[in-house]
Structure formats: C-alpha cells, structure tokens
Amino acid sequence: MYPAVKAEIAELISSALAEAADRGLLPAAELPPLEFQIPREAGHGDLATNAAMLLAGRVRRPPAEIAGVISELIGERLSGRDMISRVEADPRRGFLNFFIAPSAVQAGLVRLLASSGGFGNTAAGGSRKVLLEFVSANPTGPLTVAHGRQAAVGDVLANLLTAAGFEVCREYYLNDRGRQMKILGRSVYLRRRELAGEEIDFPADHYQGEYIRSLARRIPDPEEGWTGIGEEEVVEYCGDWASASLLEMIRGELKDFGVAIDSWVSEKEVVASGGVKEALAELSARGHSYEKDGALWFKSSDFGDEKDRVLRKSSGELTYLSSDIAYHRGKYGRGFSSLIDFWGPDHHGYIARLKGSMAAFGLDPEILEVVIVQLSTLYEGKQKLSMSTRLGEFISLRQVLDKVGKDAARYFFVRRRKESHLDFDLELARKQTNDNPVYYVQYAHARINSIFKKFQESAGEDLPDFAAVDLAPLTEPGELELVRKLMLFPEQVESAALGRNCHLIPAYLEELAALFHGYYSANRVISEDRKLTAARLALSRGVQMVLAEGLCLLGVTAPESM
RNA sequence: GCGCCUGUAGCUCAGUUGGAUAGAGCAUCGGAUUUCUAAUCCGAGGGUCGCAGGUUCGAAUCCUGCCAGGCGUACCA
C-alpha cells in the first residue's frame, strides 16, 4: 500500500510545484528525491514528507511557507483521488502531513486477507543466491549460549532473506582437524586411562567438561585394543570418535533448536581434497606469500591487515587461517552473490586477514560479509550465571533449551541488536506473565483464535470468507491504525533482511500485539451488528496472519490457544 | 599503544536515509473484568541521549577530541 501512496504523493507535490512556478507563487525548482516518515503523533497524519525543507535552499524561502503553498495547491487536486484524504502543512517546521483515505487503508487489508501466506515477502533479492555460514562450532563440546545466539540470529536472518526474495543456503563449517582435535583426543584418552584406575595429572589446557568423562566411558575399544597401537594412534582414534559423537550431539541440539543446516563442510575434507595446497600455491604464484623463519607467511599487510600472518608453521603444520582461506576461496566459485559469515566478537581481528586473502586472489572482498554477533550473559533473575568455559562450567545451549524451551530461547536471542551484549534472563523467559514478550505476542495470536471459536459457537455459523468481507465498517481510529501497522510488515521484513537487523521483527510484533490488545480491550469484535462483526473478524484475521508469519520467521510457534 | 563493539529513564533496551514534544517494556504508584482469554487494558511519575566542540534550517543519529566498559591485538582456533 505505501509504495503506491508514496508515488501518488510524489506526483502531487511535483505537479503542485510546477503550478506554483506557473502562478509565480514560488521560483521554479526541481523536486529532490522525497523522504518519507511515519509520524509518531496521530495528529501529524499517516505519512509525512520533508519536501519543503529540502526545497528551502533551492527556492530561498522558509520551509513553512513552501509547505503552505504546496499543501494549498495539493488540497485543490484531491477531489477525485481516493488514496489521500487530506494534506496539512506543519506551520512551524514545514512538514507536509498526508492523511491516507480509509478506503485505501481498507484496500490494503483486502490484499492481506486474499494472500495465502507470504504477505511479508518481497522481491528485493531477485532470487540471488546467498551463502550464510553460522554457528560453525568446533566439535569439541556441546553448543554454548554464544553459539545459541549465533544460531538463532543466523537462522532468522536466513528466513528473512528468503522472505525478501533471496535463495539462501545455510552452511556449517566443521573444524574437525588441527590442534583442537588433538587436544580433544588426548582429553578423552587421558580420562579413559583415569577410568581404568590410573592417577592422571589432567592438563589445564585440555577440555575439562564432564562430557569428556562421559565420552571416555562410552568409547568402544579400538580393534587392536588399547595397547595394540602407539599412543599417537590411540589419541587420534579417540579424537575421531569423540568429534564424530560430539557432532551427532550438535546436530541434535541444532535440530531441537529449530535450525536446519543445508550444507556441512568439513575442514578435513578441504585439506584432503587439496584445496589448501591449491590456495597456497596461488597465493605464492601471485607473490602474496613468502618464507621467513621456517614458516610460510601471507603478506596480508598489503591488503589492509596490520601485519602479516602465518599460513604454515615452522613445524610444518597448517594454521587454521590457511584452511579457512581455502574454504572461503572455494565459496566464491559456487555461484553466490553474497557470502555472509557469522562470527563471535573475539574473531573480529580476523576479518582483515580473511578479506585480504580474498583480495589477494583477485576476488571481490566486498562479496564476503562478516557479521559479528555479541555475546550473551545469562541471568536467573538478578543473579548472573557463571560462564567459565575453562572450568567446563558454562551453561550449554541444551540447558537453556531445557529451562525455557525453544520458543522463548530463540525469541530472546533475536530480540536485541546483534551488536549489543545481551542480558538473557532465564527466569523472565520462563515466566508466563505479561512481562514476558514472547507470551505477549503469542497470546495475541491465541486470543484471536479464541474470538473465532467464540463466534462459531455463539453464532452457530462458519467464519466468513475474509477476503470477500466488506471492510467499510472499519472506521474507528484504532482499526485503521492496526491496518496501517499490518501494511508495514513487508517493508519491515525487507529492511530487517537487508540491514541484517533481526531484532526489528520482535519489536514490530510486540508493537502489533500491543495495538491489538488495546483495540480488543476498547472494542468488541463480536456484536449484534453483523456487518461490523464480519469486518472486525476480518481485521482480527489479518492481525493473526501477520503475527503467525512474523513468529514463523523467528522460528517461534504461533499457538492456537494458551 | 592500536583496532572493533558499547554508553539513551531506577533496570533491560528501541530509536530507519539527520526531522516535529527522545519512545517501549519492567519496576513504582493509581485505576479497569455482569460482556469475545486479566498471560490483557487505561493512566501517572521518571531524561544534562557518557563529556566537550564542530557541521546545518534541524543532531541521540554525521565529524573531531576526550571519558568509561567489553573484546581483540599468537607460528590458538
């Protein structure tokens, strides 16, 4: 609805401007691109533009005077048009405030009701392919709360991008190789020996968590027996088995968290397939690497990094960076217009070198977009929960899921800007009261369902065909405000997707729910007036559809009853 | 030292490309249910937008400099 109205307003203003010039009311001037905003106050109309302020410099008149002339001339043209009912000029600053005609608002609702889902979808993406890599936790332990937030934000962004017309692939990069794997293998191996009765001085830099003991208890004997092969092979055996079983656990956690990964890429395979060798050879061929102190270095300082980075250690081992470079180089050949990575805040220093490496290959580093998601702190009411990973005391995503459930967990993780550190109060997320925003939104959805049930019971008839209902009876300010809010949904989805601002969706849903709860308290949907009842049922249905769609984008259920 | 993020009501935070009197929830206080779910609604109080300059019709928003907090600054991942 709004795009059409905006186009209409632009046309009205430019023709008013031309006429003003003809009549000598204002000097001739070209209209700059219009900027619109939705006024906070009802008295300022439904849509406002600052056209007069933008023109002030060009025509050398005060904004308020220009606005007055324009609104006067537009006012003369409004009869016969059905989108705009009225225009007013703000006499102080020069805003032009437009009031959208109720019939135009109602027409928007008809479109929503006639849609069968996907009302919020837009074509902004033009079916371009986007690769979204997120979570990507090492298979060395359970997913943490930090992973949980990344998973929630990443998954919701994927949903939003899909709704905005992109084709999204969710990818998980598995760091199943390297130092951490060795430490994992050793950790399990040592715990295993401990279980066998040996006194072990467990190293502080090994994985301390209780889950390591549990793995050590469950690990099957190697074919050759525990002593039949060398210690190095035993450790490798332990590492392989442990990472495989931890991966199974992670898959289960993601599944229960509502996250479906489309593509799993193993670091081991990237190395084994020769991808790393190839990438290093090309870097060298392009003259962007060199040997020093027995190590191979990437000249990342040529690409905006603060210093050069090691690709292959003097020990001969590959660094994580080299396989990551190879992995990301591979992403470029897969036909994506955009490559998005989700990383924790402790990795932000890594951005320059990775993007630099893409530039070193002659690839466009702008295609690669790194999104940093800040950490969360868990609370039980006022009490802060310990997050020490070293001691293995961290709260896992699984524990959060057990405590508050998938809906609340996902909703809370997404609710804040990703740049903000999140305070996640488990006690609040569990509460079934009005201070819990998840329930607040879900309740609005369920409440509407209850109205429908009540109507069917008391009237003894089926719900009307909503798309065919005459909406003319919807004239209350609260009703039109609700519809206008509904019409904003597609823009909101698109803006959240393009700006990677998932938190806009919970905010929007809470506002919509608040409008509906308020409307519900002040007005009765079901009444003696059959036409009004039908129109209000249709309005409620529209609200319910958008709530359900928004919750679906968040991966949160929209309950029929609560 | 340098880099990234953050600083808005007692608390947790919104605030689109600079726009009208800076908003919401919680907490506090006061109200609302013979009527479709009170997991709801209505109202009140509460602010030097970290500080100081600058840019302009106009700054929480942009620029510069400070202050405070978090994270990073590995031949770890």
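Note that the structure is predicted; figures quoted are calculated from it, not measured.
An aromatic stacking contact links A/His44 with the base of B/A20, defined here by ring centres under 5.5 Å apart and ring planes under 30° from parallel. By the 5.5 Å and 30° criteria, A/Tyr440 is not stacked with the base of B/A39.
A sub-4.0 Å separation between OP1 or OP2 of B/C76 and a side-chain N or O of A/Lys313 is present. Between B/A77 and A/Thr140, no contact under 4.0 Å exists linking OP1 or OP2 to a side-chain N or O. One finds no side-chain N or O of A/Arg92 lying less than 4.0 angstrom from the OP1 or OP2 phosphate oxygen of B/G19. Phosphate contact (OP1/OP2 of B/C2, side-chain N/O of A/Lys307, threshold under 4.0 Å): absent. At least one side-chain nitrogen or oxygen of A/Arg447 sits closer than 4.0 Å to the OP1 or OP2 atom of B/A38. Taking 4.0 angstrom as the limit, A/Arg93 places a side-chain polar atom (N or O) nearer than this to OP1 or OP2 of B/U21.
With distances taken from any side-chain atom of A/Gln180 to the nucleotides B/C76, B/A20, B/U37, the minimum falls on B/C76. For A/Asp423, the side-chain atoms get nearest to B/U12 when compared with the rest of B/G19, B/A39, B/U12. Minimum atom distance to the side chain of A/Arg417 is reached by B/A14, of the listed B/C75, B/U37, B/A14. When each of B/G72, B/G19, B/A77 is scored by its nearest atom to the side-chain atoms of A/His348, the top-ranked nucleotide is B/G72. The nucleotide whose nearest atom lies closest to any side-chain atom of A/Val525 is, among B/C36, B/A77, B/U12, B/C36.
For the pair A/Leu54 and A/Tyr320, nearest-nucleotide mapping onto RNA chain B gives the more 5' position to A/Leu54. Heavy-atom nearest nucleotides on RNA chain B were determined for A/Ala295 and for A/Glu560, and the one closer to the 5' end corresponds to A/Glu560.
A donor and an acceptor atom sit less than 3.5 Å apart, one in the side chain of A/Asn97 and one in the base of B/A20. Interface remark: the A/Asn50 side chain does form a donor-acceptor pair with the B/G19 base, using a distance-only criterion of under 3.5 Å. Side chain A/His503 to base B/A14: no donor-acceptor pair is found below 3.5 Å.
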